[in-house]
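Notes for the one structure printed next.
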Amino acid sequence: MDNGAGRMTRRGLMMGATALGVVAAAGSTLSAEAKARIGVPDTQALWLDRHAPAFAEGHTFGVPWPRGAVSPKTSFALGDLAMQSWPLAYWPDGSVKWTAHALGPVAGGADAYALKPGTPAAPAAPLKVSQNGAGFAITSGDLVWTIPGASKTLMAGATRAGKPAVGAVTLRALAQDAASFEDKPDLKQTAYDGAVEKVVLEQQGPVRSVIRLEGHHTDGSRQWLPFTVRLYFYAGSDAVRIVHSFIFDGDETKDFIKGLGVVAQAPMTDELYNRHIRFSGQKDGVWGEAVRSLTGLRRDPGKAAREAQIAGKHVEPSMIAPSVGDTLGMSPYWNDFTCAQATPDGYTIRKRVEPGHAFIDSAADHRASGLCYAGSPQGGVALGLKDFWQRAPTRLDIRGAAGDMAELTAWLWSPDAPAMDIRPYRPDWGMDTYAKQNEGLLLTYEDFEPGWNRPYGIARTSELTLWALPATPERQRFADMATALSQTPRLTVAPERLHLVEGIFGAWSLPDASTPTRALIEGRINYQLDYYLQQIEERKWYGFWDYGDVMHTYDADRHVWRYDIGGFAWDNSELQSDMMFWYGYLRSGRADVFRMAEAMTRHTSEVDTFHIGPYKGFGTRHGVQHWADSSKQPRVSNAAFKRFYYYLTTDERVGDLMHDLITSDQTLKDVYIERKVAAAGGSGIGIRKPVPGTVDCSFGTSWGSFIAAWLTEWERTQDTQWRDRILNGMNSIAKLKYGWFCGGAPYDLKTGKFVGPGDQISVSHLNAVFGVIEITEELMTLVDAPAYNKAWLDYCIYYNSSPEEIKAFLGVVPKDRSLRDAHSRMTAYAARELKDPKLAARAWSEFFDGDNRRWRTNLHPQEDKVTGPNVLYTIEEDPTISTNGASQWGLAAIENLELIGDSLEVNAPKD
């Protein structure tokens with residue numbers, strides 16, 4: 001296989017190449033008989049939206065393969081499209097589990113392409129990467145991008161056929177030392193530039209090359225806001241994709257971000273009337289004007305001149321009537337332009353002649369798609385920000401359009417908006433002891449502790465595209481570019497093809513409404529997905545820090561989600577809401593569900609997780625602010641929620657985030673998760689007699705999250721230390737007297753083993769509902785751990801069993817065995833493994849009965865319309881829905897149908 005990737009892990013280029021060689025040798029040992037038996041399945045690469053896009057820049061997608069079917073030496077072809085492929089993950093036998101496939105621009109073309117072993121077509125002009133001092137030069141046809149070494153520029157610029165096409169590309173940040181002048185009349189504002197400190201060529205290939213830049217923002221005396229920027233280049237593309245990530249490492253009481261932007265310069269050489277400005281609006285809407293307009297004048301310059309200017313074509317001086325051309329210098333020229341998306345529901349476009357004079361309003365509408373352009377028929381620069389209106393407040397600026405070098409800025413946080421205020425939303429209110437804090441938890445469900453509610457270490461990733469265009473794009477072309485920016489065209493494979501590969505993402509079913517009960521279940525699954533998509537829009541769950549999350553619990557009295565009540569507000573991945581969307585996509589192929597799951601992965605892996613500081617590698621439990629609840633746990637940062645997006649899109653940023661989690665168990669030295677349970681006299685493992693040299697660790701909410709990161713690292717790199725660490729934990733759990741029914745045990749951070757006799761029973765309804773069931777299902781097909789398999793099967797059999805059965809097994813009837821419908825998928829797993837029809841019948845009974853049938857298994861949901869004056873605006877509400885319940889019921893439905901679907905109708909309720 002054409003690897004095309006110079007970096008598979010953080011070990012660097014040389015280590016990655018060595019690892020690939022080892023895997024290739026292992027893969028080549030597959031026998032011809034084995035290959036013939038397994039075969040390579042027919043694979044159609046489909047567009048996510050199921051039709052060919054009008055415009056698509058380069059992109060990369062992932063495809064899974066059955067165990068033993070594909071050797072690392074296999075190359076792939078995709079019709080007549082130029083393509084570059086490499087392995088993403090491996091099966092234990094050395095064969096390839098996931099492949100990555102990179103394509104250059106595709107416009108129009110087919111709705112689907114056959115992906116099969118073969119020699120890929122070569123690009124007409126392969127990418128060339130050359131060392132340029134401490135930096136690099138990327139050549140694509142006649143376009144050359146220059147990336148310097150350590151400097152204050154991401155890119156020095158680009159040339160086309162030797163002529164300047166793009167100027168310097170830089171980062172900019174604005175900050176102030178108070179939220180507003182109201183808080184501090186002598187408020188001070190400071191400007192910071194991005195300073196690149198490290199440049200790494202991550203991938204070099206004929207179709208795709210990737211460069212990673214790392215650095216900080218600085219004003220010359222202070223360094224802060226560390227960033228990582230990836231630049232993606234594709235053969236045949238006029239664009240570079242920019243993935244911008246930063247970490248907040250300031251003092252939230254003194255460091256208020258006022259603006260955060262990416263800046264690109266555009267050379268401007270033509271006459272002012274031949275300089276064009278474009279902003280994208282909604283759908284195909286385009287706002288387009290010239291720096292100096294030839295239309296609307298009292299004297300007519302001539303039809304040919306007017307039509308050419310409107311179309312963005314070159315206007316020859318001879319085309320302009322002398323009566324206008326001789327006095328054209330007296331008409332206004334417009335130097336500065338702004339498109340500001342202040343809220344998710346409103347943007348304005350303004351312009352002015354030059355600094356020191358007023359802006360005038362040009363246009364306003366609902367939602368801009370986030371693309372701007374400055375240039376001429378001889379060439380120009382376009383810059384766009386994905387999720388422009390969803391991340392409001394955002395802004396696009398064009399400055400200096402009448403000068404020699406215009407400046408385009410995509411503001412990730414608009415300077416028009418109030419400064420970013422991420423201070424804790426509440427004071428301590430005297431809650432200075434665990435006793436008081438536990439009382440508060442009982443009332444508002446908020447785990448509060450002074451000092452544990454800071455945003456230090458949270459992050460955010462934004463995606464931008466920068467074009468060096470040979471001419472002003474036609475209006476429809478510009479609209480197509482904007483559509484591709486806001487709704488990225490992606491190739492993928494159909495749900496049936498994903499499902500064909502046993503052992504990826506655990507047990508999940510394809511939709512099947514062929515029987516009455518199946519139809520009801522499928523209806524409820526779709527209803528839940530549709531309802532949350534509707535609620536995101538209806539409740540305006542948008543904004544820089546918020547977009548990608550949903551709320552936790554509904555308040556039917558106020559007809560609102562409990563956005564302001566303790567732990568009932570933002571969901572923060574609680575009980576696998578991420579997985580509800582991802583499995584919803586896997587089985588349906590729905591583009592809208594994919595894009596929501598994508599936004600959720602971007603959000604929860606960045607905003608809800610700490611990337612530096614004392615909680616590094618852990619996330620924050622659900623709360624009013626994403627970072628403010630004092631319960632810091634790995635169950636939120638869980639790699640199990642991120643693997644879907646990584647493998648389907650090959651996203652390097654998410655790959656980094658999962659890699660960073662492989663040592664997150666070490667944070668248990670500093671974060672004692674059970675501290676308040678112990679203080680309240682609870683039964684958590686934190687009150688056990690400590691074992692020297694160990695830390696407390698729960699099996700499900702902690703270790704179950706760690707193993708997801710280790711599994712991913714093992715299959716990405718084939719570094720068996722991570723497999724062995726998983727097995728150390730598994731085998732040590734199997735040795736404990738009560739196995740999984742211990743709930744947790746002292747944990748040796750050096751070896752990954754649990755120690756002690758395991759003779760205390762501690763059952764929690766949360767221990768399996770943060771991805772443990774799904775990751776275990778996948779792991780049991782990859783490792784040989786018979787003793788652990790028995791311990792896990794015992795847990796699956798007895799968790800939901802009758803009091804008599806579990807007492808016979810454990811000697812006691814443990815408390816806290818709730819979420820019966822959620823845990824029915826454990827019973828279903830045991831039924832499938834043991835081929836036990838009685839367990840299958842019990843699993844369906846648990847699934848349909850549950851703990852609270854009214855909202856967990858309501859197969860005939862009924863939304864209510866609520867109108868004013870009871871509410872601010874008309875809404876559709878389902879007062880019975882809960883995100884915890886929806887997520888767990890949906891996962892149980894999807895998994896049970898796969899595990900024991902053949903026994904559904906005989907065990908379905910008769911009502």
Side-chain angles (χ1 to χ4, degrees), residues 48-49 59 61 241-246 341 343-345 367-370 384-394 412-413 458-465 483-490 492 528-552 561 569-574 576-586 588-609 619 622 626 636-638 640-655 657-658 883 886-887:
L48 177 62
D49 291 294
H59 76 288
F61 66 102
R241 178 171 175 254
I242 302 172
V243 177
H244 171 286
S245 307
F246 82 99
Q341 184 83 48
T343 74
D345 290 315
R367 291 169 170 172
S369 53
L385 173 62
K386 185 176 182 290
D387 296 332
F388 185 72
W389 62 265
Q390 295 94 329
R391 297 278 195 99
T394 52
L412 318 180
W413 183 274
I458 64 173
R460 198 59 161 135
T461 288
S462 302
E463 300 178 51
L464 305 96
T465 305
T483 298
L485 172 74
S486 60
Q487 296 184 348
T488 307
R490 297 184 185 277
T492 185
Q528 291 185 168
L529 293 172
D530 291 339
Y531 186 76
Y532 277 92
L533 290 171
Q534 169 203 326
Q535 289 295 290
I536 291 165
E537 168 61 13
E538 194 168 271
R539 307 292 177 163
K540 310 303 178 189
W541 290 339
Y542 301 120
F544 183 82
W545 292 112
D546 296 337
Y547 179 57
D549 207 352
V550 297
M551 287 278 171
H552 185 279
W561 291 81
W570 290 114
D571 191 59
N572 283 28
S573 297
E574 184 73 358
Q576 302 174 256
S577 50
D578 312 60
M579 281 189 164
M580 174 179 69
F581 282 102
W582 276 120
Y583 281 123
Y585 166 72
L586 290 181
S588 70
R590 287 175 52 176
D592 57 349
V593 175
F594 176 93
R595 292 187 172 112
M596 180 53 215
E598 174 186 33
M600 185 170 278
T601 297
R602 282 276 186 238
H603 169 89
T604 58
S605 62
E606 302 268 7
V607 182
D608 299 344
T609 301
H622 43 103
H626 300 285
V636 180
S637 57
N638 199 337
F641 305 151
K642 305 169 179 55
R643 300 171 73 242
F644 304 90
Y645 187 60
Y646 174 74
Y647 285 128
L648 291 169
T649 70
T650 82
D651 185 82
E652 280 82 1
R653 172 60 178 173
V654 171
L657 296 175
M658 294 192 298
T883 305
S887 300

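Keep in mind that the numbers below use all heavy atoms, side chains included, and drop hydrogens, waters and symmetry copies. Keep in mind that this is a model prediction, so the values were computed, not measured.
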Hey, is [X] close enough to [Y] for a salt bridge, meaning N to O under 4.0 Å?
{"X": "R391", "Y": "D546", "value": "no"}
{"X": "E598", "Y": "R490", "value": "yes"}
{"X": "R590", "Y": "D592", "value": "yes"}
{"X": "D345", "Y": "K540", "value": "yes"}
{"X": "R643", "Y": "D578", "value": "no"}

Check the angle between the aromatic planes of W582 and Y585 and answer parallel, tilted or perpendicular using the 30° and 60° thresholds.
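Answer is perpendicular, since the angle exceeds 60°.
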
Which word best sums up how the rings of Y645 and F594 line up, parallel for under 30°, tilted for 30 to 60°, or perpendicular for over 60°?
tilted

Backbone N/O of [Y] and side chain of [X]: donor-acceptor pair under 3.5 Å:
{"X": "R241", "Y": "L464", "value": "no"}
{"X": "N572", "Y": "E574", "value": "no"}
{"X": "T883", "Y": "M551", "value": "yes"}

Quick one about S486 and S369 (side-chain donor to acceptor, distance below 3.5 Å, no hydrogens or angles considered), yes or no?
no

Quick one, R595 with D387, criterion salt bridge (Lys or Arg N to Asp or Glu O under 4.0 Å). Give me CA distance, side-chain angles, the key distance, then yes/no.
CA-CA 11 Å; R595 292 187 172 112; D387 296 332; over 6 Å; no

Please tell me if the side chains of D549 and V607 come closer than 4.5 Å, counting only heavy atoms from C-beta onward.
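No; the side chains remain at least 4.5 Å from each other.
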
Find out whether F388 and T394 are in side-chain contact, i.e. whether some heavy atom of one side chain is under 4.5 Å from a heavy atom of the other.
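Sidechains of T394 and F388: in contact.
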
Shortest non-hydrogen separation from R460 to E606 and the atoms involved
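The answer is N-OE1, 3.7 Å.
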
Output, in order, the C-alpha distance, side-chain angles, deciding distance and verdict of salt bridge (Lys or Arg N to Asp or Glu O under 4.0 Å) for R367 and E537.
CA-CA 13 Å; R367 291 169 170 172; E537 168 61 13; 3.0 Å; yes

Distance flag, aromatic centroids of H626 and W570, threshold under 6.0 Å
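Yes: the rings meet the under 6.0 Å criterion.
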
